[in-house]
Novice: 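Let me give you the structure first, and then I'll get to my questions.
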Amino acid sequence: MTGLIAFREIVLKVHSRCDLACDHCYVYEHADQSWRARPKVISPEVIARTASRLAEHARTHALPSVTVILHGGEPLLAGTARLRLVCEEFTRALDGIAALDLRMHTNGLQLSRRYLDLFAEFGVSVSVSLDGDRAANDRHRRFADGRTSHPLVLAAVDLLRTEPYRHLYQGLLCTIDVANDPVAVLDALVELAPPRVDFLLPHATWQTPPVRPDEAPDTYARWLLRVFDHWDRRGRPVPVRLFDSLFSTLAGGPSLTESLGLAPTDLVVVETDGNLEQVDSLKSAFEGAAATGFNVFDHSFDLVAAHPGVRARQLGLAGVSDTCRRCPVVRSCGGGLYTHRYKAGSDEPSGSQAPGNFDNPSVYCTDLRELVDGVEGRTSARASAPELSDPAELAGSQEQLTRDLLALLNDRRTGDSDWERAWRVLGAVERAGQAGADALDAVLAHPFTRTWVMACLEPGQEGPDASGAARRLTALAAAAVLRGGLDLPAEVVYRDGEVYLPTLGLLRLGEPGTEGRATLHAADGGYAVREEGRPEHRFGPAAGDARWQPVRTWSPGPDAVPVALEDLDPHRNCFARPPRLRLGAGEAEEWRERLDAAWALLHASVPEFARAAATGLTTLTPLAGGPRARGWGEAGRHGPGALGVPYAAGVAETALALLTGRRRAGLQALTEVADLYALDGEWQHPSPWRERPVPVSRLLADVHERVAVEAYLRATATAEPGGLDRINRALDRLSGAAELTSTGKRLVEQLRWELKAVDA
């Protein structure tokens with residue numbers, strides 16, 4: 001049974017009849033009428049066996065928690081004694097195996113203190129079905145004799161909202177009727193202060209399509225968007241799961257509801273007779289659509305998971321129709337609810353069970369497309385990651401990411417005395433006022449701090465001294481102390497006779513091959529080192545000490561922040577090609593001159609791109625060998641702010657390396673802190689620059705780079721014909737890519753504006 005879905009949620013039908021006669025109910029009013037032959041109330045034997053099966057399933061799949069939804073018909077008709085038995089049996093069966101989350105969906109008519117006292121005892125949360133104000137609710141939710149149910153439901157919700165039951169109130173379930181006023185419906189629901197509102201599309205198929213009074217294909221989308229606008233104007237007073245799900249998927253996250261998104265379903269239904277069925281809404285399609293042929297007495301839940309109908313809803317993107325796979329909103333809508341895709345073939349009877357009959361877009365297809373586009377259009381500016389347009393936000397997020405990763409590494413280094421000592425020094429630096437905070441920020445922002453942390457976090461690097469983790473942290477702490485000019489002793493552990501102090505330089509403490517310890521501290525505007533048995537020694541900016549090699553810098557302009565020319569850090573080897581060995585003084589000066597000339601060339605040819613390239617650039621590392629791939633520069637893996645440039649490149653090649661490398665590094669930094677796409681690799685896209693189709697990440701990176709390259713080549717009269725056309729084709733492809741998030745789409749818009757400026 002490997003590879004099968006684990007059911008984390010079961011719907012337990014505790015009663016198969018209802019005390020209302022809702023004319024839109026899928027159980028009683030739609031195609032499947034199997035309820036007529038089922039027992040009215042679930043038996044103790046079915047309860048016990050289902051609890052045992054669920055415990056078996058949870059143990060087999062090591063599930064941390066399971067959810068049991070008490071359902072019907074109307075579950076409260078089962079009575080308190082039978083419901084108590086359900087709660088006791090499932091609590092006992094799951095004890096010590098998985099956490100149990102008990103829930104109930106009810107129309108609320110029978111809800112009273114005796115039920116709520118029972119639910120409080122077992123932690124049963126309650127959702128109540130209510131379609132809005134009295135006019136909206138009475139349209140469908142009436143007694144068989146036509147009487148209104150609205151006052152009784154309001155009384156039930158009022159009771160549920162009072163102490164000591166308030167914590168059991170889970171939310172309201174509202175089935176949409178487009179004949180109702182959407183504003184009045186929302187206001188009526190919000191007035192009841194629900195923890196959450198679920199708006200539900202009425203169950204329909206291509207055989208029995210939804211009611212559309214205006215015969216428009218987007219009737220339900222327009223209704224929901226009016227709800228959204230009013231909800232948004234009111235400050236989003238309660239969570240609405242449908243909208244929250246769209247916010248999540250548009251940002252690259254998972255769907256939050258079965259009715260939308262590509263997440264596999266993990267739900268099984270247990271009927272009052274113990275039969276195991278697929279999701280209940282399938283009863284809207286045809287007689288027996290939800291049946292599996294299994295029951296709790298003879299079959300495990302794993303057998304249900306292997307059922308073809310269940311597996312069809314585990315396929316994600318592969319489980320939707322070809323039309324849906326080509327749609328740009330499929331990640332958010334997921335092809336719609338599986339039931340809503342049902343359509344009998346032209347040569348088949350209406351109740352045919354052929355699996356291909358679900359290989360269609362949803363009967364709400366246009367509604368879903370308009371809803372997703374409408375919500376995205378209304379929220380994309382607010383929903384886009386601020387790092388996309390604000391370099392300060394990007395830098396701040398990158399620094400916070402490094403801090404978070406370092407904290408994670410610290411959690412794994414318990415029992416390492418050198419590490420713990422250095423960690424205490426870092427804490428003291430952070431508490432030492434603004435000078436200490438600034439110094440710590442500087443060493444954490446050093447690109448190769450991230451490179452080192454990520455190397456230590458890789459699998460297999462958890463040993464007591466793997467990757468020299470403690471040595472590096474002692475050097476990091478010492479560098480922060482020295483940068484801050486703090487009167488704090490910082491012990492470093494060195495190997496091979498030297499210690500590299502991030503952002504400052506390389507200190508030689510002994511002969512090659514030697515190991516030892518030394519204590520560093522700030523002293524009179526410089527630095528000092530003490531070793532056991534040796535007198536204190538001064539080094540640093542003004543000491544003129546041959547044992548001290550500072551990090552060289554280069555300025556990309558008279559008012560620019562100096563950039564480190566980093567050829568000392570042992571963790572700088574994070575580029576696609578190896579770094580060059582340490583530069584001599586003459587070599588460093590020659591490189592500065594080439595960098596000056598290359599930067600001047602960029603500013604003369606593409607000034608806007610040159611200014612953007614300087615933003616966020618903190619470190620340049622000389623790479624071995626000459627230029628390749630047209631001299632393009634390289635972004636370091638896990639090295640935000642760093643750029644590798646071929647040392648032996650000429651001025652023009654260096655200019656192109658600076659430009660392209662910064663574009664690569666900027667996009668990489670953005671993708672590390674913001675979601676630009678999701679399900680990367682699920683689709684393959686033709687690329688104008690590659691022979692084979694590529695995933696969206698590669699196409700986006702190519703376009704992001706090529707826009708700047710095209711600008712440079714045009715400005716230097718070296719552009720090839722058709723360059724703009726190729727970029728525009730790629731942008732068109734990206735505009736229709738389902739993988740892009742709201743932030744990713746705004747990036748594509750920015751690239752279009754950049755390209756228009758290039759063309760102009």
Novice: Quick test of your reading of the model: are Arg572 and Glu566 salt-bridged, counting only N-O distances below 4.0 Å?
Specialist: no
Novice: Do the numbers put Arg592 on top of the ring of Trp554, so that NZ or CZ is under 6.0 Å from the six-membered ring centre and no more than 45° off the axis?
Specialist: no
Novice: Who pairs with Arg534 by salt bridge (charged side-chain N to carboxylate O under 4.0 Å, His left out), at least two apart in sequence or on another chain?
Specialist: Glu531
Novice: For Glu420, give me all partners under salt bridge (charged side-chain N to carboxylate O under 4.0 Å, His left out), at least two apart in sequence or on another chain.
Specialist: none
Novice: Only counting residues at least two apart or in another chain, list the ones meeting side-chain hydrogen bond (donor to acceptor under 3.5 Å, both in side chains) with Glu387.
Specialist: Ser397
Novice: Flag the pair Arg517 and Glu491 as a salt bridge only when some basic side-chain nitrogen lies within less than 4.0 angstrom of an acidic carboxylate oxygen.
Specialist: yes
Novice: Output all residues satisfying salt bridge (charged side-chain N to carboxylate O under 4.0 Å, His left out) with Arg726, sequence neighbours left out; order by chain, then residue number.
Specialist: none
Novice: I need the Leu676 CG to Leu667 CG distance, nearest 0.5 Å.
Specialist: 6.5 Å
Novice: Is a salt bridge present between Arg594 and Glu587, judged by a nitrogen-to-oxygen distance below 4.0 Å?
Specialist: no
Novice: With a 3.5 Å distance limit and no angle check, can you tell me whether Asp569 reaches the backbone of His571 through a side-chain donor-acceptor pair?
Specialist: yes
Novice: Counting C-beta onward and ignoring hydrogens, is there a side-chain heavy-atom pair between Tyr494 and Leu507 closer than 4.5 Å?
Specialist: no
Novice: Between Tyr647 and Trp591, what is the ring plane arrangement, given parallel below 30°, perpendicular above 60°, and tilted in between?
Specialist: tilted
Novice: Report yes if the side chains of Val758 and Glu754 come closer than 4.5 Å at any heavy-atom pair, otherwise no.
Specialist: no
Novice: Within a strict 4.5 Å, meaning less than it, do heavy atoms of the His704 and Leu747 side chains meet?
Specialist: yes
Novice: What salt bridge (Lys or Arg N to Asp or Glu O under 4.0 Å) pairs are there with at least one residue in residues 423-448, not counting sequence neighbours?
Specialist: Arg403-Glu430, Arg403-Asp441
Novice: For residues 474-485, which side-chain donor-acceptor pairs fall under 3.5 Å, sequence neighbours excluded?
Specialist:
from, atom 1, to, atom 2, distance (Å)
Thr474, OG1, Arg471, O, 2.7
Thr474, OG1, Val493, N, 3.3
Arg483, NH1, Thr503, OG1, 3.0

Novice: Can a salt bridge be assigned to the pair Asp759 and Lys756 using a cut-off of 4.0 Å between side-chain N and carboxylate O?
Specialist: no
